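Structure, as structure tokens:
In this text the structure is predicted, and so the values were computed from the model without any measurement. Worth knowing before you read on, the calculation uses all heavy atoms, side chains too, and leaves out hydrogens, waters and symmetry mates.
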Amino acid sequence: MKLFNRFIVFALTLCMTVTVQAVSPCISFRRGENNSREDSSITDDITPKRGKQSPEVRTEKTSTQKSASPQSWYFKRTTDNSRPPIPSDLSYIENYNGYFLGKDEKKIYLTFDAGYENGNVSKILDVLKEENVPGAFFVLENLVTKNTDLIKRMVDEGHTVCNHTASHKDMTKMGSIDEFSSELKKMEEIYKNTTGYDLSSYYRPPEGKFNEDNMRWANELGYKTIFWSFAYADWDNDKQPDREQAKEKILSGTHNGEVILLHPTSSTNAAILSDLIKSWKEMGYSFGTLDELTGE
């Protein structure tokens with residue numbers, strides 16, 4: 001009987017050991033799997049939004065892929081009136097008549113992206129006329145066809161009217177120079193047929209999105225691409241910045257050769273532009289044209 005009992009105890013012990021060994025690896029695997037997924041979301045994410053890529057899947061892009069890769073223009077904002085450097089990864093724009101900053105002299109280049117009129121574009125023009133200051137307006141088909149008199153006023157009052165494309169498409173999705181040029185040439189034709197004037201050969205990509213192919217094609221088409229060395233969040237009509245805070249931000253970021261981008265549909269900009277121009281003049285700044293910026 002004792003021998004039988006010992007056998008039973010031994011059998012039960014063996015069974016428990018086998019069971020634990022069978023279950024434990026499964027638990028360990030599940031934990032390890034979960035950890036792996038968490039790590040994967042951090043280190044192996046190759047989505048464009050995060051811009052991360054694991055060493056295992058990273059591949060070198062060909063020159064063709066690099067030239068077609070979409071990029072967004074950006075600048076390093078300064079608050080001490082110093083000039084921002086050109087971002088190193090975007091410095092190739094200078095090879096294709098791309099500009100974002102003028103000479104190191106006390107001159108400002110006012111540029112406006114205008115797609116429609118809501119009453120504020122006219123107010124901006126009133127201020128520029130009163131202060132005798134030139135501006136450059138990058139326009140879309142909508143503004144030209146629906147507010148032709150406004151466009152003619154820009155020309156008559158000495159401003160430069162430029163190409164922002166006909167319909168504000170993502171130009172990085174254009175696969176050939178023919179596709180790319182169709183948006184620019186369409187805008188040229190609409191402008192000529194509507195106003196009787198020739199559109200200036202200055203181009204600004206919609207939303208600042210571009211790639212090296214775009215730069216090359218614009219240059220081959222005779223265009224100079226104009227970016228900016230200062231801008232701020234002024235485009236949302238439902239979330240307009242506080243006027244005093246906007247003036248403080250703009251003036252603290254002012255620098256020699258500044259190419260400033262403003263949206264003339266902004267009620268804040270329409271309200272503060274006169275004060276800004278007066279302040280800039282007091283700081284010793286004058287105002288230049290794009291022809292002066294590019295050496296034309």
Side-chain angles (χ1 to χ4, degrees), residues 71-114 124-125 127-129 131-139 154-155 157-164 199-208 210 212 214-215 218-219 222-232 234 246-247 249-264 269 272-296:
Q71 294 179 286
S72 293
W73 178 257
Y74 67 95
F75 65 97
K76 182 179 180 181
R77 183 173 177 269
T78 62
T79 57
D80 58 356
N81 302 120
S82 61
R83 286 158 57 86
I86 188 169
S88 59
D89 56 323
L90 304 179
S91 61
Y92 65 81
I93 69 165
E94 296 178 329
N95 298 330
Y96 306 104
N97 273 315
Y99 299 82
F100 86 106
L101 185 66
K103 295 179 181 179
D104 191 0
E105 57 186 6
K106 295 186 78 67
K107 186 168 288 189
I108 294 172
Y109 303 89
L110 291 176
T111 70
F112 303 88
D113 288 1
I124 293 289
L125 287 174
V127 173
L128 295 178
K129 182 178 181 180
E131 295 294 336
N132 193 29
V133 169
F137 290 83
F138 291 85
V139 301
M154 292 175 184
V155 177
E157 294 180 358
H159 304 299
T160 307
V161 182
C162 317
N163 202 327
H164 200 33
L199 191 62
S200 299
S201 295
Y202 295 109
Y203 160 67
R204 175 168 284 164
E207 297 183 358
F210 67 103
E212 191 166 1
N214 287 176
M215 294 298 301
N219 190 42
Y223 275 92
K224 294 180 179 180
T225 304
I226 309 298
F227 294 100
W228 55 90
S229 60
F230 183 91
Y232 79 116
D234 62 349
K247 282 196 291 187
K249 178 176 290 187
I250 293 170
L251 292 174
S252 67
T254 299
H255 49 270
N256 286 3
E258 176 178 8
V259 179
I260 184 171
L261 161 60
L262 297 172
H263 287 85
N269 289 341
I272 68 174
L273 184 59
S274 180
D275 288 345
L276 286 174
I277 292 175
K278 287 180 172 63
S279 295
W280 281 324
K281 287 180 177 178
E282 291 174 359
M283 295 166 68
Y285 284 95
S286 60
F287 300 86
T289 65
L290 294 187
D291 285 349
E292 293 170 343
L293 172 69
T294 62
E296 287 294 317

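The closest side-chain heavy-atom distance from Thr294 to Ile226 is below 4.5 Å. Between Ile86 and Leu101, the closest side-chain pair of non-hydrogen atoms is not below 4.5 Å. Side chains of Pro205 and Phe227 form a contact here, defined as non-hydrogen atoms less than 4.5 Å apart. Residues Leu128 and His159 meet the side-chain proximity criterion, which asks for heavy atoms closer than 4.5 Å. Two residues are said to be in side-chain contact when any heavy atoms from C-beta on lie closer than 4.5 Å; Leu290 and Ser200 fail this criterion. Contact of the Trp280 side chain with the Lys106 side chain is not registered, since no non-hydrogen atoms from C-beta on lie closer than 4.5 Å.
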- request: Verify side chain to side chain donor-acceptor pair (under 3.5 Å) between His255 and Thr78, making sure each step is shown before the conclusion.
  value: CA-CA 9 Å; His255 49 270; Thr78 62; 4.6 Å; no
Residue pair Tyr202, Asp291: steps toward the side chain to side chain donor-acceptor pair (under 3.5 Å) verdict: CA-CA 9 Å; Tyr202 295 109; Asp291 285 349; 2.5 Å; yes
message: Applying side-chain contact (heavy atoms from CB on, under 4.5 Å) to Ile277 and Phe287, what does each step give before you reach the verdict?
response: CA-CA 9 Å; Ile277 292 175; Phe287 300 86; 4.0 Å; yes
- prompt: Given the rule in the side chain to side chain donor-acceptor pair (under 3.5 Å) test, do Tyr232 and Asn269 qualify, once you have shown the distances and angles that lead to the verdict?
  reply: CA-CA 11 Å; Tyr232 79 116; Asn269 289 341; 2.6 Å; yes
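Here Thr225 contributes atom OG1 and Asn97 contributes atom CG; the two are 8.0 Å apart, rounded to the nearest 0.5 Å.
In this structure a side-chain-to-backbone donor-acceptor pair under 3.5 Å is present from Asn81 to Leu251. Of the possible polar contacts, none joining the Asp113 side chain to the His263 backbone as a donor-acceptor pair under 3.5 Å is found. Distance alone, capped at 3.5 Å, places no donor-acceptor pair between the Arg204 side chain and the Phe112 backbone.
Residues that satisfy the side chain to side chain donor-acceptor pair (under 3.5 Å) test with Lys224, not counting sequence neighbours, are Glu296. Considering only residues two or more places apart in sequence or on other chains, Tyr109 meets the ring pair (Phe, Tyr, Trp, His ring centres under 6.0 Å) condition with none of them. Remark: Lys76 pairs with no residue by the salt bridge (charged side-chain N to carboxylate O under 4.0 Å, His left out) rule, at least two apart or across chains.
When the shell of 6.0 Å around CG of Asn132 is examined, it contains 12 or fewer heavy atoms from other residues, nucleotides or ligands.
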